[in-house]
Amino acid sequence: MNRKLALVFVFAIFLSGFAFAKSYYLLNVSVDYKFNEDASIDVTEDLVFQFSGPYSFAYREITLTGSQTIEGFQVFEKTQNGLVELTPEIQSYPFKATWKYRAVNESREFVLKYRLKNIVKSYSDSFEFYWKIWGDYWDAPITQFNAVLEFPRPLAEGSKVWAHPALNGSWNIDGKTVTISASNIPARTFVEARVLFNKDVLNDVFTEKISGPGLQKVENDESTNALIYGSTGLLWAWPVIVLLVLAFFFWGFYKKYGMEPKVQETKYQREIPFADKPYLVDYLMHLRITPNGMSATLMDLVRRKHIKIEKVKKKGILAGIFGGEDYKLTKLPSADLLTAPENFLINSIFKKRVGKGIFNSGHRKSVVEITLSEIAETNKTETTSLFEDWKQVAEQNIETNKTKNNYFDFTGNKKFTVVLGILMLTNFIILWAGVKIIALAAISIAGLAVCVAFILIVAIFPRALPSMTQLGAEHYSKWNALKRFFDDFNYMKEKTIPDIVLWEQYLVFSTVFGNSEKVLKEFRTPFSAEMQKHNAGFYAFSSPAFYSAFNSSFSQAGFSSASASGSGGFSGGGGGGGGGGGGGAG
């Protein structure tokens with residue numbers, strides 16, 4: 001009898017072990033980040049716990065560094081009668097809040113509220129919010145996660161959003177609101193948001209001030225992050241196959257289509273060999289349009305008396321105190337016919353931003369006169385630089401007029417692009433098929449990385465696959481001979497008056513070749529000051545400072561005044577943002 005009782009006792013203890021086994025997960029998590037004017041952030045977290053077994057407390061940890069602070073932490077339980085405030089135990093360093101309740105095999109919903117300060121980074125050209133909106137120290141998975149980031153003013157077009165790491169989720173930006181959602185987030189997995197936005201959304205009261213611009217820095221960080229994340233699995237067979245296939249076709253197409261035709265080489269060319277436009281010569285020499293091509297096009301317009309340039313004093317209080325030079329551009333009546341790129345450049349230059357206010361950047365108005373500083377001010381709020389816009393027009397003009405195809409044979413390049421496209425599509429199919437299988441996903445990402453590497457190779461060596469036609473090779477040879485002449489020879493010290501016209505052309509094309517300073521030095525020597533003074537284009541051509549000021553006026557782009565919109569998915573990697581921490585229940 002005693003033996004039977006003992007067995008019953010042991011069995012009861014065994015059953016009690018199952019009875020008291022417990023676990024939990026988060027059925028739903030909703031977080032709301034409301035940004036205030038002073039850059040502080042009011043955070044609300046709505047956490048729905050699903051408990052299996054008995055639970056009596058929960059806690060939340062938040063990682064803070066440097067000057068980051070948290071204030072006014074509150075905990076509420078959502079009931080049928082509304083929110084009931086609980087009293088948490090707060091530990092400040094590191095921050096941890098613990099609250100008590102009683103739950104057995106049921107769901108409970110808690111709402112956490114607090115304010116964060118000095119989280120947003122302030123650069124000279126942008127703000128950055130880089131934060132783990134869900135920490136990686138939660139031991140429980142999440143079924144559904146939603147986040148809303150609400151700003152006091154609309155984010156400008158050109159604002160950027162990234163979400164890390166690679167999860168089954170997406171983000172969307174619409175005006176002043178960014179939404180992020182994800183599902184089936186594993187335990188010990190963070191959700192990180194990185195938002196880069198324009199300076200007029202917030203002020204600098206509660207921010208971390210960082211000197212210098214942030215737009216390019218953040219974009220470079222994300223590009224590097226994507227490259228590193230995409231390099232996993234390079235030792236697997238599939239990426240090696242992709243590498244061998246692309247290498248085989250690249251070499252084959254180079255041998256068949258990439259060899260240049262034979263032309264009679266001329267070491268030096270003293271005269272302007274052809275009536276090619278500066279941007280066409282730029283494309284011929286570099287197989288792309290460069291900023292030098294735009295500068296040379298402007299100079300050619302000055303030479304042909306479409307634009308007049310004068311040196312003037314800078315305007316403004318600071319300029320009056322410290323001085324400084326500026327350049328005034330005046331649009332003149334057309335002296336001859338303009339091509340589409342030339343017409344686009346003139347129309348883009350002679351536009352001034354007017355009607356600016358505190359909360360708007362005004363609108364662009366066509367003018368006849370404008371200074372370089374005004375051009376820079378007008379274009380600094382654009383999403384893309386004027387050069388990028390003009391470059392597209394110039395390249396489209398070359399393509400439309402068949403000049404590009406007359407000078408080049410792109411057969412090898414086009415065929416290799418087809419091979420590259422097929423392999424990239426194959427990798428995407430593998431990635432889609434293996435989205436829930438880590439091994440297949442890693443293989444496909446590695447294959448894509450190989451494809452990207454070949455894209456970079458083609459970009460770095462643009463002349464490898466296309467070849468010049470006979471006409472293109474002849475033009476290239478002559479223009480290259482003129483470049484060698486500029487590089488190697490000092491011109492004669494004495495010049496006749498008509499030669500100043502040739503010198504102006506020299507200055508235009510030496511800008512394309514990148515050796516304008518040497519030609520400028522030679523230009524000043526043979527001509528008298530009086531001849532230079534009466535020459536219409538001399539002031540534009542004679543100052544290297546003008547080149548620098550002109551290029552910088554069009555090389556910068558920021559955020560436009562239009563509201564931002566867009567959407568995207570989660571990208572891999574990440575983890576460099578602030579915040580984090582986690583929580584749990586027991």
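None of these values were measured; they are calculated from a predicted model.
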* **V29 vs W134, side-chain contact (heavy atoms from CB on, under 4.5 Å): CA-CA, chis, key distance, verdict** => CA-CA 9 Å; V29 172; W134 186 253; 3.7 Å; yes
Which atom of [X] lies closest to which atom of [Y], heavy atoms considered:
{"X": "V201", "Y": "P152", "value": "O-CG, 3.4 Å"}
{"X": "A163", "Y": "W171", "value": "CB-CD1, 4.2 Å"}
{"X": "C451", "Y": "V242", "value": "SG-CG1, 4.0 Å"}
{"X": "D139", "Y": "A187", "value": "O-CB, 3.3 Å"}
{"X": "L298", "Y": "L345", "value": "N-CD2, 4.0 Å"}
{"X": "A193", "Y": "L149", "value": "CB-CD1, 4.4 Å"}

Taking NZ, NE, NH1 and NH2 as the nitrogens, is one of them in [X] or [Y] under 4.0 Å from a carboxylate oxygen of the other?
{"X": "D42", "Y": "R115", "answer": "yes"}
{"X": "K352", "Y": "E374", "answer": "yes"}
{"X": "D221", "Y": "K217", "answer": "yes"}
{"X": "D200", "Y": "R153", "answer": "no"}
{"X": "D204", "Y": "K199", "answer": "yes"}
{"X": "K331", "Y": "E369", "answer": "no"}

* **Within the 6.0 Å centroid threshold, strictly below: F73 and F95** =>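 For F73 and F95, the ring centres are under 6.0 Å apart.
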* Taking the six-membered ring where the residue is Trp, are the ring centres of F129 and F197 under 6.0 Å apart? ->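 Distance test on ring centres: not under 6.0 Å, no.
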Can you confirm whether the side chains of [X] and [Y] place a donor and an acceptor under 3.5 Å from each other?
{"X": "S30", "Y": "N146", "value": "no"}
{"X": "T290", "Y": "D282", "value": "yes"}
{"X": "E395", "Y": "Y279", "value": "no"}

* **From CA spacing to verdict: side-chain contact (heavy atoms from CB on, under 4.5 Å), T189, L167** => CA-CA 10 Å; T189 302; L167 296 171; 4.0 Å; yes
Is the shortest side-chain heavy-atom distance between [X] and [Y] below 4.5 Å?
{"X": "Y130", "Y": "E192", "result": "yes"}
{"X": "L64", "Y": "I70", "result": "yes"}
{"X": "L246", "Y": "L420", "result": "yes"}
{"X": "N220", "Y": "V218", "result": "no"}
{"X": "E45", "Y": "R60", "result": "yes"}
{"X": "T44", "Y": "V111", "result": "yes"}
{"X": "W131", "Y": "Q68", "result": "yes"}
{"X": "Q144", "Y": "S181", "result": "yes"}

* Asked: Run the side-chain contact (heavy atoms from CB on, under 4.5 Å) check on K277 and T297 step by step: do they pass?
  -> CA-CA 8 Å; K277 296 292 183 181; T297 299; over 6 Å; no
Between [X] (side chain only) and [Y] (backbone N and O only), is there a donor and an acceptor less than 3.5 Å apart?
{"X": "N203", "Y": "E37", "result": "yes"}
{"X": "T511", "Y": "A296", "result": "no"}
{"X": "N168", "Y": "S183", "result": "no"}
{"X": "N118", "Y": "E208", "result": "no"}
{"X": "S348", "Y": "F344", "result": "yes"}
{"X": "D300", "Y": "P278", "result": "no"}
{"X": "E342", "Y": "T339", "result": "yes"}

* Specify whether F387 and W390 have parallel, tilted or perpendicular ring planes, treating 30° as the upper limit for parallel and 60° as the lower limit for perpendicular. =>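 Geometry flag for W390 against F387: tilted rings.
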When rounded to the nearest 0.5 angstrom, what distance separates [atom1] in [X] from [atom2] in [Y]?
{"X": "E388", "Y": "Q392", "atom1": "CD", "atom2": "CD", "answer": "7.5 Å"}
{"X": "K96", "Y": "Y59", "atom1": "NZ", "atom2": "OH", "answer": "6.0 Å"}
{"X": "K176", "Y": "S159", "atom1": "NZ", "atom2": "OG", "answer": "14.5 Å"}

* Mind running side-chain contact (heavy atoms from CB on, under 4.5 Å) on L215 and Y123 for me, showing each step along the way? => CA-CA 8 Å; L215 183 62; Y123 297 95; over 6 Å; no
Is the Lys NZ or Arg CZ of [X] less than 6.0 Å from the centre of [Y]'s six-membered ring, within 45° of the axis?
{"X": "K78", "Y": "F110", "value": "no"}
{"X": "K113", "Y": "F76", "value": "yes"}
{"X": "K117", "Y": "F206", "value": "yes"}

